[in-house]
Number of protein chains: 2
Amino acid sequence: MSLRHAVLAALSRGEASGYELAKRFDVAVADFWSATPQQLYRDLERLERDGLVEARVVEQRRRPTKRVFTLTAAGHQALREFVREPARPAAIRDEFLVKLQAVESGDAGALVAGAEARLARSREKLAGYERLLAESGDDLGPYLTLMAGIMYEQQNIQWTELVLQRLRGGEDGTA
Amino acid sequence: MSLRHAVLAALSRGEASGYELAKRFDVAVADFWSATPQQLYRDLERLERDGLVEARVVEQRRRPTKRVFTLTAAGHQALREFVREPARPAAIRDEFLVKLQAVESGDAGALVAGAEARLARSREKLAGYERLLAESGDDLGPYLTLMAGIMYEQQNIQWTELVLQRLRGGEDGTA
DNA sequence: CCTACCTATTCAACTTGTTGAGTATAGGGG
DNA sequence: CCCCTATACTCAACAAGTTGAATAGGTAGG
């Protein structure tokens, strides 16, 4: 149970509709916690049912009506309790590393292509984060999570460059 | 469907029983792909049913009988195909970052404690990986994934130190 | 001999996360 | 006027991951 908490944390920084949350998750947070819109709507419903968030219907002029969610007192309380509990260690699921484990029995060329794609993606992400950093205020939480993203991608780029070097340089994968 | 592939990759480096696989996953691989024994047994069954792995019963002298799994030709084939497909981007789920997002409405002291625990854990992991690196052969796949673990933890340590500094140094989290 | 602890595996129930499709409102472009 | 796109949300089915417990053989220690 933890997307729940990610939602609570997101709402603690300001009310939002499901749709808006989905975007926030996609932009700022996707790299350490991802969720599809469907998941968000489902969890918002549950949170509402459990009394941790409240919905308010907002009719808009030039757009479809939306439901905007806010934390209730119980929601704030639940969030504080969550923060107090020790965090479970980060779970990483990185398919590329699995593929890499099988270099010797697989297609090294495909892995080179994969590494190049990864490198490109990391560079884009990094650039995006750096832009956000320049624009962003000095709220501690968002700053530190942004730095996590930046440092993670920097390290990722370095590692991927090492991979490329080894995959290309020494053709002796089968040594 | 991807623990399947992680299992195939693991078996491509040598036959193993479910129990042995569980240990391998726990030691070497846990940081980029984790699985409980139950999950492994379940997936091994499916892989067997689908003809990608074969089981061989091995009776042991001083221990309970075990079933040792090997890749079949179809299994090798499936692994090669998996390696050729582009990898989906890594999914990270890091609870600590979620908690950090809520610093302002939560207990900063608990977060300091959490950061310290994270730091300790990362240092242990790093030491373990470095030991493995010294012992290990020069197979490319394992080498690169080990390096991924090492670089990841190094970066993690740096970031966590930054977090501690900010959480402690400037007590003005609510600025 | 009884207990505790590894090895080795299985069953069942549950929570999360993923995928694909589908509804509806409204604006802009051709 | 029709289609495309963006907003805003919902339903259903499924795949993957988690948790807790149970079974069972064997060894070592008190």
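Chain naming here is simple, since letters A, B, ... match the order of the sequence lines and numbering starts at 1 in each.
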If I take atom [atom1] in residue [X] and atom [atom2] in nucleotide [N], what distance separates them, rounded to the nearest angstrom?
X: B/L40; N: C/dT7; atom1: CG; atom2: C1'; value: 16 Å
X: B/D26; N: C/dC6; atom1: CG; atom2: P; value: 14 Å
X: A/E59; N: C/dA26; atom1: CD; atom2: P; value: 10 Å

### Task
Could you please spell out the steps behind the side-chain contact (heavy atoms from CB on, under 4.5 Å) verdict for A/L8 and A/V53?
CA-CA 8 Å; A/L8 291 179; A/V53 306; 4.1 Å; yes
#### Entry: Under the salt bridge (charged side-chain N to carboxylate O under 4.0 Å, His left out) test, residues paired with B/E124 that sit two or more places apart
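Expected list: none.
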### Message
Can you list everything that forms a salt bridge (charged side-chain N to carboxylate O under 4.0 Å, His left out) with B/D107? Sequence neighbours excluded, please.
### Response
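Listed in chain order: nothing, the list is empty.
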### Query
For A/P64 and A/T36, take the nucleotide of DNA chain C holding the closest heavy atom to each; which residue's nucleotide lies nearer the 5' end?
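By nearest-heavy-atom nucleotide position, the 5'-most residue is A/T36.
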### Upstream residue (5' side of DNA chain C) when A/Q39 and B/F69 are each assigned their closest nucleotide
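First, find each residue's nearest nucleotide; the 5'-ward one identifies B/F69.
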### Message
With the threshold set at under 4.0 Å for non-hydrogen atoms, list the residues of residues 16-23 of chain B touching DNA chain C in residue-number order.
### Response
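Heavy-atom cutoff 4.0 Å gives B/S17, B/G18, B/Y19, B/K23.
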### Message
So for atom CD, which belongs to A/Q60, do other residues, nucleotides or ligands contribute more than 12 heavy atoms lying within a distance under 6.0 Å?
### Response
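More than 12 heavy atoms, drawn from other residues, nucleotides or ligands, come within 6.0 Å of this atom.
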### Short side-chain N/O contact to C/dA8 OP1/OP2 from B/Q60, under 4.0 Å
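It does, given that an N or O in the side chain of B/Q60 lies less than 4.0 Å from OP1 or OP2 of C/dA8.
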### Message
Can you tell me if B/R88 touches the phosphate of C/dT19, counting only side-chain N or O atoms and a distance under 4.0 Å to OP1 or OP2?
### Response
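Affirmative; the distance criterion is met.
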### Message
Parallel, tilted or perpendicular: which one describes the rings of B/H5 and B/F82, with boundaries at 30° and 60°?
### Response
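B/H5 and B/F82: parallel rings.
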### Message
Give me each pair satisfying salt bridge (Lys or Arg N to Asp or Glu O under 4.0 Å) with a member in residues 145-154 of chain A, each pair once, sequence neighbours excluded.
### Response
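Every candidate salt bridge (Lys or Arg N to Asp or Glu O under 4.0 Å) pair involving residues 145-154 of chain A fails, so no pair, neighbours aside, qualifies.
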### Task
In sequence, state the C-alpha distance, the side-chain angles, and the governing distance for B/Q101 and A/F32, and then conclude on side-chain contact (heavy atoms from CB on, under 4.5 Å).
CA-CA 11 Å; B/Q101 287 271 30; A/F32 67 86; 3.6 Å; yes
### Message
Under 4.5 Å side-chain heavy-atom separation, chaining through any Ile, Leu, Val, Met, Phe, Trp or Tyr, what else clusters with B/V57? Say none if it is isolated.
### Response
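Its cluster partners, ordered by chain and number, are none at all.
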### Message
Counting the atoms with a prime plus P, OP1 and OP2 as sugar-phosphate, which does A/Q38 contact under 4.0 Å by heavy atoms, base, sugar-phosphate, or nothing?
### Response
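A/Q38: base contact, heavy atoms under 4.0 Å.
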### Message
Quick check: closest heavy atoms across B/G18 and B/L40, and the distance to 0.1 Å?
### Response
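Shortest heavy-atom contact: O-CD1, 4.5 Å.
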### Message
Quick check on contacts: within residues 41-50 of chain A, what sits under 4.0 Å from DNA chain D by heavy-atom distance?
### Response
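DNA chain D contact set from residues 41-50 of chain A: A/Y41.
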### Task
With the side chain of B/R63 defined as its heavy atoms from C-beta on, choose the nearest nucleotide among C/dG17, C/dT19, C/dA8.
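Within the option list, the nearest is C/dA8.
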